[in-house]
Amino acid sequence: MISLAGRDIMHAWGKFVFTGLGLGLLIGVTLSMAGIYRGMIDDAKVLLDNSGADLWVVQKDTLGPYAEPSSVYEDTWRGIRSMPGVARVANVTYLTMQVREGQRDVRAMVTGITAGRPGTPGWPPYLVAGRQITRGHYEAVADIAAGFKLGDSLQIRRNHYTVVGLTRRMVSSGGDPMVFIPLKDAQEAQFLKDNEAIRQQRRRTASNSMFNPPGAPGLLEAVIASQSTNPFVNAVLVQMKSGYSAEDVAGSIRRWKHLTVYTRGQMEEILVGKLIATSAKQIGMFLAILSIVSAAIVAFIIYTLTLGKIREIAVLKLIGTRNRTIASMIMQQAVALGIIGFVVGKITATLFMAPIFPKYVLLEPLDSVRGFFVVVAICLLSSLIAIRAALKVDPAEAIGG
Amino acid sequence: MAGNGIRIQGVRKRYGSGDTAVEALKKVDMQVAPGEVVGLIGPSGSGKTTLLKCLGAVIEPTAGRMILGDEVIYDDGWKVRDLRALRRDKIGFIFQAPYLIPFLDVTDNVALLPMLAGKPNAHSRKRAMELFHPLDVQHRARAMPSQLSGGEQQRVAIARGLVNRPPVILADEPTAPLDSERALAVIRILNDMARKFETAIIVVTHDEKIIPTFKRIYHIRDGVTYEEAGEGRGFE
Ligand SMILES: Nc1ncnc2c1ncn2[C@@H]1O[C@H](COP(=O)(O)OP(=O)(O)OP(=O)(O)O)[C@@H](O)[C@H]1O
Ligand SMILES: [Mg+2]
């Protein structure tokens, strides 16, 4: 037996190729959407990996520092460092804001890191150019996704920073590139008020007789000084010694310090399960809609192609072709369309779509395999309408009137 | 098997029921021997197509018998189980238009029938080719139907009707689109094939050009058949 579906496709290859191309673009978009979702999860994991932390110590009962605001006193780390199992600790601040370079504004996650050596928690683990921050102020290491170059001068709030190093794949869970600056500068940036606000606050404090009692001349100055510095950080990152269980160490920090502590696994759950959950749902909706649109296209095309062959189908039935043979011919054509579409989609997603998206698009092979089976299943389902029409054709129609 | 050709007796066909019922065939009797070509003629609405559909096993008569070779096909409402296989193996169809499958080449259009019956591809193609020489389309064996002239297409359609060596061939206005020379050529081929393969051939026609060629003609009027001797000249 010859393949009727194959012969028909060869005969009408133009129709199949063009429909396959259109379908392929849709499938490409679908694969890219899935890739964006995977990219978001991967970004989150990379963010956690690159922080170099095993434990995140945050304000009690918050989901900080990435999913909720959190502040802990900047000297909390001292107490934590002396606990058993703790190797290194470092303060860190995160603040998503606009960073200005010349005429350009870039949304970035400004990260304050403590002074120290490379490998300190919070530090970018490797650079693609330049060097790490060595001075206590006004130096920055930026992710190349921000588009800054070595030597660029960045304005964060009122201060200017020189880019001394560049990283790669250091982005927030929202996809914003990270810009690392010294912790002190970052604390100030989080807290900084404009000059007028500072003057106002001084005036209010001075006019409060509790802070400015007669006979205690130093008190007002001390209060004002404490008001204009920021003694908080967003989290303390903890690296553990090997041989200790993260849960045990986290437990003892929680008991001693009245803080909330997350392990790596819990942090991942917060980022993936909570922070990007809405985006994931949105992408899920897109995937559902795109699947429906693809199904409608395949159904429509296969149905039209089949209606165009009603006469031939009647003749085939009259000369004794089984219904099964005709149904499988239509199904094979639908699947062929799906395969052409998938190949085109995979190529466009990989070569043309993924590279131009601003967000990281991670095309996982397993997703492609899944996508392939979904496409084939959709095509099979969509061919049912056409098959129904074909099976209803009466062989007597071939004889005519 | 080919010994008896096709015979129908007292065939009736009613479409619909109640007030709207149409008695398309009232009393049809016909017998065509192997190797014989008979004409079936009648005015519009007389029941020709209905009869052809009954003979072709695509609709069932309401009553009456049909015997093909020595096999009873219908008997007063009873019918053989697999009409589809019967059509495939025992009945050849030739239509007014050739109705070739546009995505198969000439050879496979014809070879498709033995293939559908489960014969190997090579064997099926060989059987198709054997018919191309007598039908004078051997030089077009690998062409697509759209590349053939109307007459060539019709000859390929005849080859398709013959390829399974059916005991009966039903031809529905096979010469309508052809000029008189070609129409007569088609009838000559049908006569040759009928003799060569011991086939009973029934030709439904209005075509004045070919009516004189039949030795026997069935007239049908208001669903009733009348047999008549034809002039039968031309092919002796
Ligand atoms: N499916 C049907 N349902 C009801 N009545 C039908 C059906 N098919 C045919 N008829 C009726 O049966 C009668 C015979 O029709 P048939 O098609 O056999 O005529 P015909 O001889 O082929 O005519 P023509 O030369 O015009 O094609 C007509 O009165 C027609 O209206
Ligand atoms: Mg008719």
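Reminder, nothing fancy here: chain letters follow the sequence lines and each chain counts from 1.
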Non-hydrogen atoms of B:Trp78 and B:Val72 that approach each other most closely: CZ3-O, 3.6 Å
Using a strict cut-off of less than 4.0 Å between a Lys/Arg side-chain nitrogen and an Asp/Glu carboxylate oxygen, indicate whether A:Asp42 and A:Lys45 qualify as a salt bridge. no
Given 3.5 Å as the limit, does a donor-acceptor pair link the side chain of B:Lys26 with the main chain of B:Asp222, or not? yes
With rounding to the nearest 0.5 Å, note down the distance linking NZ in A:Lys346 to OG1 in A:Thr348. 10.0 Å
Using non-hydrogen atoms only, which part of B:Phe93 is less than 4.5 Å away from chain A: side chain, backbone, both, or neither? side chain
Does A:Asp143 use its side chain to pair, donor to acceptor, with the backbone of A:Met170 at less than 3.5 Å? yes
Can you give me the closest heavy-atom contact between A:Ile276 and A:Ser173, atom names plus distance? CG2-O, 4.0 Å
Please list, chain by chain and in numerical order, all residues satisfying side-chain contact (heavy atoms from CB on, under 4.5 Å) with B:Ala57, sequence neighbours excluded. B:Tyr74, B:Leu83, B:Leu86, B:Arg87, B:Ile91
Quick one: does A:Ser32's side chain have a donor or acceptor within less than 3.5 Å of a partner on A:Ala349's backbone? no
When only heavy atoms count and the cut-off is under 4.5 Å, which of residues 140-155 of chain B reach chain A? B:Met144
Is a donor on one side and an acceptor on the other found under 3.5 Å between the side chain of B:Asn121 and the backbone of A:Met1? yes
Could you tell me which residues in residues 320-330 of chain A have at least one non-hydrogen atom under 4.5 Å from a non-hydrogen atom of chain B, sorted by residue number? A:Gly320, A:Thr321, A:Arg322, A:Met329
Between B:Arg125 and B:Asp108, is there a salt bridge with N-O shorter than 4.0 Å? yes
Contact summary for B:Val168 and B:Leu170, nearest pair of heavy atoms: CG1-CD2, 3.8 Å
Atom pair CD/NZ of B:Glu60 and B:Lys79 - distance to nearest 0.5 Å: 4.5 Å
Under 3.5 Å, is there a donor-acceptor pair between the side chain of B:Tyr218 and the main chain of B:Gln31? yes
Less than 4.5 Å to any heavy atom of chain B: does that hold for the side chain of A:Ile9, its backbone, both, or neither? neither
Pairing of A:Asp43 and A:Arg169 as salt bridge, 4.0 angstrom limit: yes
Keeping B:Asn164 on the side-chain end and B:Arg88 on the backbone end, is there a donor-acceptor pair under 3.5 Å? yes
Given heavy-atom pairs under 4.5 angstrom as the criterion, report whether the side chain, backbone, both or neither of B:Leu113 touches chain A. side chain
What residues of residues 304-318 of chain A sit under 4.5 Å from chain B when you count only heavy atoms? A:Lys309, A:Arg311, A:Glu312, A:Val315, A:Leu316, A:Lys317, A:Leu318
Counting only non-hydrogen atoms closer than 4.5 Å, does B:Pro102 touch chain A with its backbone (N, CA, C, O), its side chain (CB onward), both, or neither? both
Specify which of B:Glu173, B:Lys48, B:Gln96, B:Met115 makes the most heavy-atom pairs with chain A at under 4.5 Å. B:Met115
